[in-house]
Student: 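This is the structure I want to talk about, given as structure tokens.
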There are 2 protein chains.
Amino acid sequence: MSEKIEFVQRENLKEKPDPTDLSFGKYFTDYMLSYDYDLDKGWHNLQIVPYGPIEISPAAQAIHYGQAVFEGLKAYKHNGEVVLFRPDENFKRINHSLARLEMPQVDEETVLEGLKQLVDIERDWVPEGEGQSLYIRPYVFATEGVLGVRPSYSYKLLIILSPSGSYYGGESLSPTKIYVEDEYVRAVRGGVGHAKVAGNYAASLLAQTNASKLGYDQVLWLDGVEQKYVEEVGSMNIFFVENGKVITPELNGSILPGITRKSVIELANQLGYEVEERRVSVEELIESHKQGELTEVFGTGTAAVISPVGQLKYGEQEIIINNNETGPVTQKLYDNYVGIQSGQLADPQNWRVVVPKY
Amino acid sequence: MSEKIEFVQRENLKEKPDPTDLSFGKYFTDYMLSYDYDLDKGWHNLQIVPYGPIEISPAAQAIHYGQAVFEGLKAYKHNGEVVLFRPDENFKRINHSLARLEMPQVDEETVLEGLKQLVDIERDWVPEGEGQSLYIRPYVFATEGVLGVRPSYSYKLLIILSPSGSYYGGESLSPTKIYVEDEYVRAVRGGVGHAKVAGNYAASLLAQTNASKLGYDQVLWLDGVEQKYVEEVGSMNIFFVENGKVITPELNGSILPGITRKSVIELANQLGYEVEERRVSVEELIESHKQGELTEVFGTGTAAVISPVGQLKYGEQEIIINNNETGPVTQKLYDNYVGIQSGQLADPQNWRVVVPKY
Ligand SMILES: Cc1ncc(COP(=O)(O)O)c(C=O)c1O
Ligand SMILES: Cc1ncc(COP(=O)(O)O)c(C=O)c1O
């Protein structure tokens with residue numbers, strides 16, 4: 001087993017929130033993982049420290065030029081065990097995001113080990129209710145206090161933990177209403193859409209608000225070049241069931257390569273579905289819906305897991321999917337996915353990573 | 001005259017940097033302007049406070065989701081007077097940027113008045129050397145400590161000041177070498193390219209580094225849809241002189257509406273040039289260069305003022321502009337622009353705003 005990293009204890013632990021009223025990303029645990037980077041020392045000073053305010057320079061590059069990336073994953077508690085789900089994929093992706101913004105790579109194993117030790121300390125914070133989890137937010141941001149558009153010379157990595165209920169507040173597997181966004185654009189090839197960078201999310205707010213005002217839960221983004229091909233939802237990738245085939249937009253450089261997306265593709269293959277990753281136009285969807293061939297739509301993402309879509313709005317057209325009910329393919333993928341996560345089903349690929357007791 | 005805003009004095013003033021070695025955005029003055037926003041109170045707590053580290057929540061939305069915008073302008077000292085240049089335009093633009101990221105509008109006059117009082121206090125920090133100025137950085141970022149992609153409920157506006165030399169380090173009016181970027185894309189219509197938001201700059205770093213490695217000073221971005229039309233340079237808008245006409249890409253939703261661009265267009269009109277704002281393809285530039293019609297290229301921006309371009313590289317083609325020398329139109333616009341800024345030429349539009357002694 002790895003060495004224990006430095007642990008700076010706090011005097012008093014916080015009171016834990018009411019588990020029936022967690023909401024999402026609102027409460028934080030007692031500790032966080034902290035790691036510093038500068039040009040001389042590289043990554044150094046890996047510590048578990050009390051969760052609390054951080055000091056930054058008013059010129060810190062992250063808040064001026066957006067050099068900031070993040071990840072999101074969850075820890076679950078089942079039968080007393082605390083389990084992470086494919087956390088190696090998140091640290092692989094954070095390195096991918098870091099590279100896109102010219103930020104320094106991290107050693108994936110070191111940070112994952114740090115996360116495990118942190119979660120071990122905080123295991124009492126992992127909620128056990130249905131749909132609940134400990135949401136884990138690793139992130140890296142530029143800290144150098146100099147103005148001038150160039151990569152920062154110093155960075156901070158933090159991992160903070162938030163006991164959370166289900167992302168959309170409502171019940172899981174209740175179908176959502178999606179607005180196909182044909183004016184605002186999230187990303188374009190050659191840009192940063194394929195990386196989990198801070199700026200992508202601020203850029204998405206206005207479209208999301210407009211959709212909400214019109215009564216829709218989420219925005220479905222189209223490609224930036226032709227505004228014809230479906231890309232992804234706010235914080236989910238998107239899947240379609242057409243003629244029994246499971247179809248999702250291919251990773252084209254502007255779509256975030258979701259880890260849930262990847263797992264669902266692997267799972268669908270194992271369950272015997274034909275899976276296609278390819279371009280999907282809105283026109284195709286409307287046409288195949290008309291023909292009765294588009295039977296299900298669902299989103300995938302860490303926060304929302306697998307989330308059925310009941311309605312799609314595109315311009316003047318509104319299509320209802322599967323009578324606004326969760327379809328059989330969505331249900332089957334969901335059951336299998338959650339079954340593996342919870343340890344109730346076999347886990348041949350070792351997606352579950354049990355957090356050891358140090 | 002307006003009321004004086006609250007002023008929290010520091011105990012000891014800093015030592016001022018060597019004026020012959022300022023570089024850009026590296027030194028900061030003794031004080032900064034600070035202004036807070038929350039849902040209950042709106043904007044409140046406008047103060048001039050000592051420049052120094054700020055405390056933020058580890059969950060502050062700005063560093064996770066990039067809800068952060070900024071501005072850049074300069075104060076000059078001429079004959080003992082400290083002068084701002086069209087500062088009202090910067091606060092108009094910050095409101096434009098704030099709106100794009102669903103951040104709250106500021107009252108432009110209140111913030112400009114705060115800036116003037118701050119600069120008045122810091123007037124000894126305004127350098128007087130050739131090409132030197134006090135660089136002014138107003139910015140607003142999301143401070144609420146909650147994870148979840150939605151507009152923050154609280155924000156901070158700060159204005160920090162940095163005595164600076166010329167932006168590119170070298171002499172002004174020495175022609176730069178520009179790399180036309182045909183792989184990476186900065187912005188696309190429907191996105192946030194027209195706003196001065198943090199994420200745009202982090203997204204530009206990789207292309208800039210690649211261009212630097214190849215020996216170029218700056219990247220010239222192409223449009224995100226067809227990658228054929230010229231948009232702008234890293235932190236400058238771009239102008240061409242073709243057959244004596246002054247031409248610049250039209251504001252199409254993905255280009256930042258530069259204040260120097262606007263001033264140069266107005267100036268060029270006054271000086272009797274024909275000015276065109278329209279789409280400009282790279283192919284047109286190469287063709288008109290071949291015909292001897294493309295006689296000058298220059299960039300415009302607060303940091304670099306007016307900066308001649310001596311060389312353009314596009315794929316395998318390299319074109320030399322005006323024998324790598326500053327051309328007559330560029331020179332004339334520069335002389336007039338700087339003449340107005342410095343008070344040596346008449347200022348009929350009242351672009352100069354003298355900072356009063358409070
Ligand atoms: C833009 C975007 N797309 C898709 C996803 C889904 O990715 P994952 O399944 O890794 O959570 C996310 C969330 O991480 C996201 O932010
Ligand atoms: C992307 C970009 N384009 C153009 C400009 C030039 O704008 P301005 O003349 O207002 O400084 C800037 C700098 O502000 C910029 O950041």
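All values below were derived from every heavy atom in this structure, side-chain atoms included, with hydrogens, water molecules and symmetry-related copies excluded. Proteins come first, then strands; the chains are lettered A, B, ... in the order of their sequence lines, and each starts at number 1.
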Student: Can you tell me which portion of Y184(B) sits under 4.5 Å from chain A's heavy atoms? Options are side chain, backbone, both or neither.
Tutor: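 Y184(B) touches chain A through backbone and side-chain heavy atoms alike.
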
Student: Would you compute the distance between atom CG of L147(B) and atom CZ of F70(A) and round it to the nearest 0.5 angstrom?
Tutor: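 The distance works out to 9.0 Å.
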
Student: Among residues 150-157 of chain B, which ones touch chain A with a heavy-atom distance under 4.5 Å?
Tutor: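 Against chain A, the residues of residues 150-157 of chain B that fall inside the cut-off (heavy atoms, under 4.5 Å) are R150(B), P151(B).
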
Student: With a 4.5 angstrom heavy-atom cut-off, could you sort out which part of S204(A) is near chain B: side chain, backbone, both or neither?
Tutor: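 The answer is the side chain of S204(A).
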
Student: If every non-hydrogen atom of G52(B) is compared with every non-hydrogen atom of P58(A), which pair is closest and at what distance?
Tutor: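 Scanning both residues completely, I find the closest heavy atoms to be O-CG, 3.2 Å.
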
Student: Can you check whether G224(B)'s main-chain N or O pairs, donor with acceptor, with R189(A)'s side chain at less than 3.5 Å?
Tutor: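 Flag set: sc R189(A) to bb G224(B) pair under 3.5 Å.
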
Student: Side chain, backbone, both or neither: which part of A99(A) has a non-hydrogen atom closer than 4.5 Å to chain B?
Tutor: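 Just the backbone, heavy atoms under 4.5 Å.
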
Student: Considering non-hydrogen atoms only, spot the tightest contact between L205(B) and L101(A) and give its length.
Tutor: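 Looking at all heavy atoms of both residues, the closest pair is CD1-O, 3.7 Å.
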
Student: Where is the tightest heavy-atom contact between Y51(B) and S57(A), given as atom of each residue plus distance?
Tutor: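 Heavy-atom minimum between the residues: OH-OG, 3.8 Å.
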
Student: What is the minimum heavy-atom distance between F24(A) and V146(B), and which atoms define it?
Tutor: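 Closest approach of F24(A) to V146(B), heavy atoms only: O-CG2, 4.3 Å.
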
Student: Would you mind checking which part of Y27(B) comes under 4.5 Å of any heavy atom in chain A, side chain (CB onward), backbone (N, CA, C, O), both or neither?
Tutor: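 For Y27(B), neither part sits under 4.5 Å from chain A.
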
Student: So for M103(B), is it side chain, backbone, both, or neither that comes closer than 4.5 Å to the heavy atoms of chain A?
Tutor: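 Contact with chain A: none, neither part.
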
Student: Where on I63(B) is there a heavy atom nearer than 4.5 Å to chain A: the side chain, the backbone, both, or neither?
Tutor: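 Both parts, backbone and side chain.
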
Student: What are the two closest heavy atoms between A59(B) and F28(A), and how far apart are they?
Tutor: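 Answer, listing the atom of A59(B) first, then F28(A): CB-CZ, 3.5 Å.
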
Student: Over 60° means perpendicular and under 30° means parallel, so tell me whether Y139(A) and H64(B) are parallel, tilted or perpendicular.
Tutor: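 It falls in the tilted class, 30° to 60°.
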
Student: Using every non-hydrogen atom in the two residues, find where R100(B) and A203(A) come nearest and quote the distance to one decimal.
Tutor: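 Here R100(B) and A203(A) meet closest at NH1-O, 3.5 Å.
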
Student: Is there a donor-acceptor pair under 3.5 Å between the side chain of Y201(B) and the backbone N or O of Q61(A)?
Tutor: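 Side chain of Y201(B) to backbone of Q61(A), a donor-acceptor pair under 3.5 Å: no, none is there.
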
Student: Quick check on Q208(A) against chain B: is it the side chain, the backbone, both or neither that has a heavy atom closer than 4.5 Å?
Tutor: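 Nothing of Q208(A), per the 4.5 Å heavy-atom cut-off to chain B.
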
Student: Sort E55(B) into side chain, backbone, both or neither according to what part of it lies under 4.5 angstrom from a heavy atom of chain A.
Tutor: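 For E55(B), the contact with chain A is made by backbone and side chain together.
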
